[in-house]
Amino acid sequence: MIYMDQAATSWPKPARVVEAVNYMLTGVSANAGRGNFATSEQASNLINGTREKIASFFGMPSRRGVIFTSSATEAANAVLLGTLKEGDHVITSTLEHNAIARTLYALEQKGISTTKIYRNPVSGVRLERVEEAIRPNTKLIVWNHASNVFGTLSDLDGLSRLAQAYKIKVMVDGAQTAGSIPIHMDDMGIDYLTCSGHKGLYGPQGIGLLLLRNPDEALPVWKYGETGDKSELLPLPMQAPECYEAGTPNLPGIAGLAEGIEFVLEQTLEKIHTRNLEKIETIYENLSEIEGVILYGPPPGIDKVPILSFNIIGMLPDQVGEELFNRWEISVRTGLQSSYWAHEAAGTLPYGTVRVSVGCYTGGQDLEELAEAVETLTLEVKNRS
Ligand SMILES: Cc1ncc(COP(=O)(O)O)c(C=O)c1O
């Protein structure tokens, strides 16, 4: 199979990730902080060590701000539902994933207003547009670091400078950049960073991150229960990060994520990004030579994450996806890619696009086979009409 759905979940996983998950399931199935035997201690050490690694990877002042969640979606919900109150205003962009769009929509029903700034899939946004949208009750700017539909990158430095000038907090959805573009929360002025563990960080599914620049701020907890500490007290111990992680932690997920980050560090962010950008630019160039293909998003020469959306004139994206898989075993993501707003803004509703996304294990041959398959499909459409 030629797997080109890396933006959804990276695959295959590095051997060290698989081994770590396997070892946790076979060797250390213990609950961290809840036993005085060796494997429970090993579990606690792994969790603490991974927090340390993540804090350093994302330029955080303290590992206490590292909170393990089940996904980027859970992390985004925690921030949005926890920090926004009736009467508050949020600024966001048209290229956000449904993890943000649906949560903000739900909050709108509770009296929280949203201004959505148009972000061009190729050229991004003019910061003046964001500044013009700021109101006295603006509490948060919510923005992704890169679009999961078009790969478009954001000017996070500009955004956070603006937010700081108006004392507005910034939440960044880093689901598509964590593991390929450097993110330094402190230097970049990011208050909350959310990301998945299973994409560019090469961890398993079911692990995500909520990263707080200031772990002592009063972000409300969103679940109650056992934290492995002070069990004799009914009130939840309020110390971050444990107060946000009630319940048995996802040890295989954390172990796999720790090794995924090691893999990224070993490869280096720079090499991962440069190589993957070259691959997606090759795909862009190959497809741009085929008559009947429409390409969306930044062309070669503009920095982006390795994602490309396209359509074949005369075929629906879902049909293209089915043909690619059934005839050439090429896996791509078709339709709206969980991003209704992005397709609304790009004029690609109701059917969306075909999205290809590449990763460390995508080979040169894969790129050629994709181009040949797409060309065959366009010729078939032409011969039919
Ligand atoms: C930009 C973006 N945000 C959020 C998410 C949601 O991530 P998760 O599945 O970890 O909740 C995704 C997943 O594709 C994404 O691409």
Side-chain angles (χ1 to χ4, degrees), residues 3-11 13 54 58 67-81 90 92-106 116 119 121 124-125 141-154 156 159 170-181 183 190 192-211 222 250 253-254 256-257 260-261 276 280 296-298 304-309 331-346 352-353 355-359:
Y3 182 73
M4 290 200 175
D5 196 16
Q6 304 285 347
T9 296
S10 55
W11 186 85
K13 300 297 179 188
I54 290 169
F58 288 104
I67 295 150
F68 295 109
T69 61
S70 60
S71 60
T73 301
E74 188 190 3
N77 269 258
V79 176
L80 298 177
L81 302 180
V90 191
T92 190
S93 90
T94 48
L95 291 188
E96 302 306 311
H97 186 274
N98 275 355
I100 307 302
R102 283 191 166 159
T103 314
L104 290 179
Y105 175 80
K116 214 179 353 148
R119 221 167 112 199
V125 76
I141 296 180
V142 182
W143 214 267
N144 66 41
H145 197 183
S147 156
N148 63 305
V149 178
F150 305 108
T152 326
L153 279 167
S154 301
L156 287 187
L159 261 185
V170 178
M171 176 184 130
V172 170
D173 173 354
Q176 290 301 336
T177 51
S180 64
I181 308 274
I183 305 177
I190 301 170
Y192 312 102
L193 178 69
T194 61
C195 62
S196 320
H198 63 279
K199 299 181 193 282
L201 295 175
Y202 286 92
Q205 292 170 328
I207 186 83
L209 292 172
L210 166 57
L211 305 179
W222 58 94
N250 176 359
I254 294 170
L257 176 59
I261 293 174
N276 289 340
I280 207 73
Y296 305 91
K304 63 174 194 164
V305 293
I307 288 175
L308 174 63
S309 263
S331 305
V332 297
R333 179 79 183 272
T334 60
L336 302 187
Q337 295 97 16
S338 315
S339 302
Y340 173 79
W341 280 353
H343 287 283
E344 188 182 43
T353 55
R355 181 189 74 181
V356 291
S357 49
V358 298

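For ligands, and for the atoms within them, numbers begin at 1 and follow the listed sequence.
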*Asks:* Determine whether Phe58 and Cys195 make a side-chain contact, defined as any pair of heavy atoms from C-beta on separated by less than 4.5 Å.
*Replies:*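 A side-chain contact exists here, since the closest heavy-atom pair is under 4.5 Å.
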*Asks:* Quick one: are Leu153 and Ile181 in side-chain contact, heavy atoms under 4.5 Å?
*Replies:*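 Yes. Closest side-chain heavy atoms under 4.5 Å.
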*Asks:* Could I get the full list of side-chain hydrogen bond (donor to acceptor under 3.5 Å, both in side chains) partners for His343, not counting sequence neighbours?
*Replies:*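 Gln337, Thr348.
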*Asks:* Report the residues that fulfil side-chain contact (heavy atoms from CB on, under 4.5 Å) with Thr334, sequence neighbours left out, ordered by chain and then residue number.
*Replies:*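 In terms of side-chain contact (heavy atoms from CB on, under 4.5 Å), with neighbours along the sequence ignored, Thr334 is linked to Pro317, Asp318, Val332, Val354.
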*Asks:* I'd like to check the ring-ring contact (aromatic ring centres under 6.0 Å, His included) partners of Phe150; sequence neighbours left out, ordered by chain and number.
*Replies:*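 Expected list: none.
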*Asks:* Could you check ligand 1 for N or O atoms lying under 3.5 Å from protein N or O atoms and list the pairs with distances?
*Replies:*
| unit_1 | atom_1 | unit_2 | atom_2 | d |
| --- | --- | --- | --- | --- |
| ligand 1 | 3 (N) | Asp173 | OD1 | 3.3 |
| ligand 1 | 3 (N) | Asp173 | OD2 | 2.6 |
| ligand 1 | 7 (O) | Ser196 | OG | 3.3 |
| ligand 1 | 10 (O) | Ala72 | N | 3.0 |
| ligand 1 | 10 (O) | Ser196 | OG | 2.8 |
| ligand 1 | 11 (O) | Ala72 | N | 3.3 |
| ligand 1 | 11 (O) | Thr73 | N | 2.8 |
| ligand 1 | 11 (O) | Thr73 | OG1 | 2.5 |
| ligand 1 | 14 (O) | Lys199 | NZ | 2.5 |
| ligand 1 | 16 (O) | Gln176 | NE2 | 2.8 |

*Asks:* Could you check if a side-chain atom of Leu209 sits within less than 4.5 angstrom of a side-chain atom of Phe68, using non-hydrogen atoms only?
*Replies:* yes
